[in-house]
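To keep things clear, I will list the structure first and then write my remarks on it.
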Protein chains: 2
Amino acid sequence: MQTPRPQRPDPRANPIADDGSEVRFCSTCAFSGACVAAGYDKAHLRDLHVLVEHIGPFRAGEHIFRTHDPFRAIYAVRAGLVKTVAVDPEGNEQVLGFYLPGEVVGLNAIYPEHYPCDAVTLETAYFCRFSFPAISALAARMPGLQQQLFRLLSKELGMASLLAGDHAAEERVAAFVTDLGERLAAQGFSGTRLRLSMSRVDIANYLRLAAETVSRIFTRLRDQGLIALEGRDLEILDPPGLRALARNVRER
Amino acid sequence: MQTPRPQRPDPRANPIADDGSEVRFCSTCAFSGACVAAGYDKAHLRDLHVLVEHIGPFRAGEHIFRTHDPFRAIYAVRAGLVKTVAVDPEGNEQVLGFYLPGEVVGLNAIYPEHYPCDAVTLETAYFCRFSFPAISALAARMPGLQQQLFRLLSKELGMASLLAGDHAAEERVAAFVTDLGERLAAQGFSGTRLRLSMSRVDIANYLRLAAETVSRIFTRLRDQGLIALEGRDLEILDPPGLRALARNVRER
DNA sequence: AGGCGCAGTTGATCCAGGTCAGGAACCGAC
DNA sequence: GTCGGTTCCTGACCTGGATCAACTGCGCCT
């Protein structure tokens, strides 16, 4: 709905998840495990590097792809933050997910062959673009890569099922914060001090709550001493406490 | 929670989606497209047949796999109906999906490497069991099969996102019925006269509603002349009308 | 400085759907 | 047949979270 006005890149933001080198590639990239773990040689790694296209910077509010665009590629986030948003015929938006550095956007477009959502950057962001026909052809020659793609899809499926569960507002918010922290930690960032680069409205929409509810729950969690929150800067003070609240959303 | 007592197979139920022949294979199987569409020869088809294992019958209430079982295989439904159910630590159940003949169960286990849910038959059912290591090895040699697996995963992802959307109870029920009809039609069954083999409680749980709400909405839809419903036998009287109610859930 | 606009918070009210409580219909068991 | 169990439906009430309405604080413009 909103047409976010461009805003200039913020030098403080956006730690870059790789060293920028073409050869060493993103060390935390979603696909790195496919090669490294399986012990692939330089030649295979080079295949991956040839088909990847480094794109960016995108400034906050720019679109990577839009609903109904034909599906051509998947995008690994190199730096920055992206949300995917589906819009129904009445114009209601639904945030489907937030994607951190090292994560992959666009997998839900494989089946419909068109992107079923918009992908919008929330901060200045850089991507690796993988042509899907090319990467799936390569996957046929690299079992580790095929396996990795299966795993990414299956993981995304698990995330969607969590979101689909019916959980109380507080559980949802606690799970959201815990999950963000863990995903950041998995990418080598701090898992306890983090910046919520998305607006409260986006968070609320993603959690299928009203923005007011999210706001109230944040203050409640703060009053309980579980988190410290100032604007968009969040610190998780009591990870186990928060995890306990989120327990039903996350464990099964 | 409930331990459903076994019940004897009902000869009326469970139209079988294939001719039972080992060689001709399930004509409506989720994987048939992978071979036929891509023009594969008999040799490749035979590879698929060798790795598949026909299992069943399972009677209503039996488990195909359970939460935490190590992930070994995916299962294509040959006949009958299955639900998948996740249980959280407090014992709350969440139905994740219903699977009709021709559809595939177990894809959400790839990433965690353990099944994240139980799969329970709701009527007498037969399956094709595909060892996952074997089918993904074959997929590396059969791009059409690899593509098909990607598509299945991506499709399932889309379904989960629909379920995760926040929609009014009536929209959810209308979408559920419409979707069931379309999926049955896709498998060659009637898309307008169908049997809800799952209980109202299961439907409600799947839609994240109370059973009472589902019941009330069914009667409302009947009063509006959109459906005819007697027990578990449903007829969709006004498909476009129902689709209109479901519009926001399904279109994007 | 002042003023505008947007993001976020807080309080007051409302309502969709959940919960609770009966009751009817339909089994299968004996 | 009757009994007990189960599923489904319906009515009466309750509540979590949505909605509506201020209000605050901040960044940006002129």
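Proteins get letters first, then strands, A, B, ... in listed order; numbering begins at 1 in each.
C:dA7 atom C1' lies 15 Å from atom CE of A:M198, rounded to whole Å. Here D:dT7 presents its C1' atom at 15 Å from CG of B:L122, a figure rounded to the nearest Å. Atom pair A:R200:CZ and D:dG25:P shows a separation of 16 Å (rounding to whole Å applied). Remark: P of C:dG18 and CZ of B:R172 are 10 Å apart, rounded to the nearest angstrom.
Between B:V82 and B:L122 the shortest side-chain heavy-atom distance does not fall below 4.5 Å. Taking 4.5 Å as the limit, some side-chain heavy atom of B:V173 sits within range of a side-chain heavy atom of B:L207.
A:Y99 and A:R183 make their closest contact through CA-NH2, 4.1 Å (heavy atoms, listed as atom of the first residue, atom of the second, distance).
For the segment residues 225-235 of chain B, the set of residues with a heavy atom within less than 4.0 Å of an atom of DNA chain D comprises B:R232, in numerical order.
Judged by distance alone, with hydrogens and angles left aside, the side-chain atoms of B:Q187 form no donor-acceptor pair with the main-chain N or O of B:L184 at under 3.5 Å. Side-chain atoms of A:R208 come within 3.5 Å of backbone N or O of A:Y206 as a donor-acceptor pair.
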**OP:** Summarise protein proximity over nucleotides 11-23 of chain D in one line of letters, 5' to 3': B for base, S for sugar-phosphate only, - for none, counting protein heavy atoms closer than 4.0 Å.
**Re:** BB----SSBB---

Subject >> Trace of the side chain to side chain donor-acceptor pair (under 3.5 Å) decision for B:E123 with B:S197 >> reply: CA-CA 7 Å; B:E123 348 167 303; B:S197 309; 2.3 Å; yes

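Taking the centre of each ring, B:F58 and B:F127 come in below the 6.0 Å mark.
Here A:E230 pairs with nothing under the side-chain hydrogen bond (donor to acceptor under 3.5 Å, both in side chains) rule; sequence neighbours left out.
Across all strands shown, A:S199 has heavy atoms under 4.0 Å from sugar-phosphate atoms exclusively, and none from any base.
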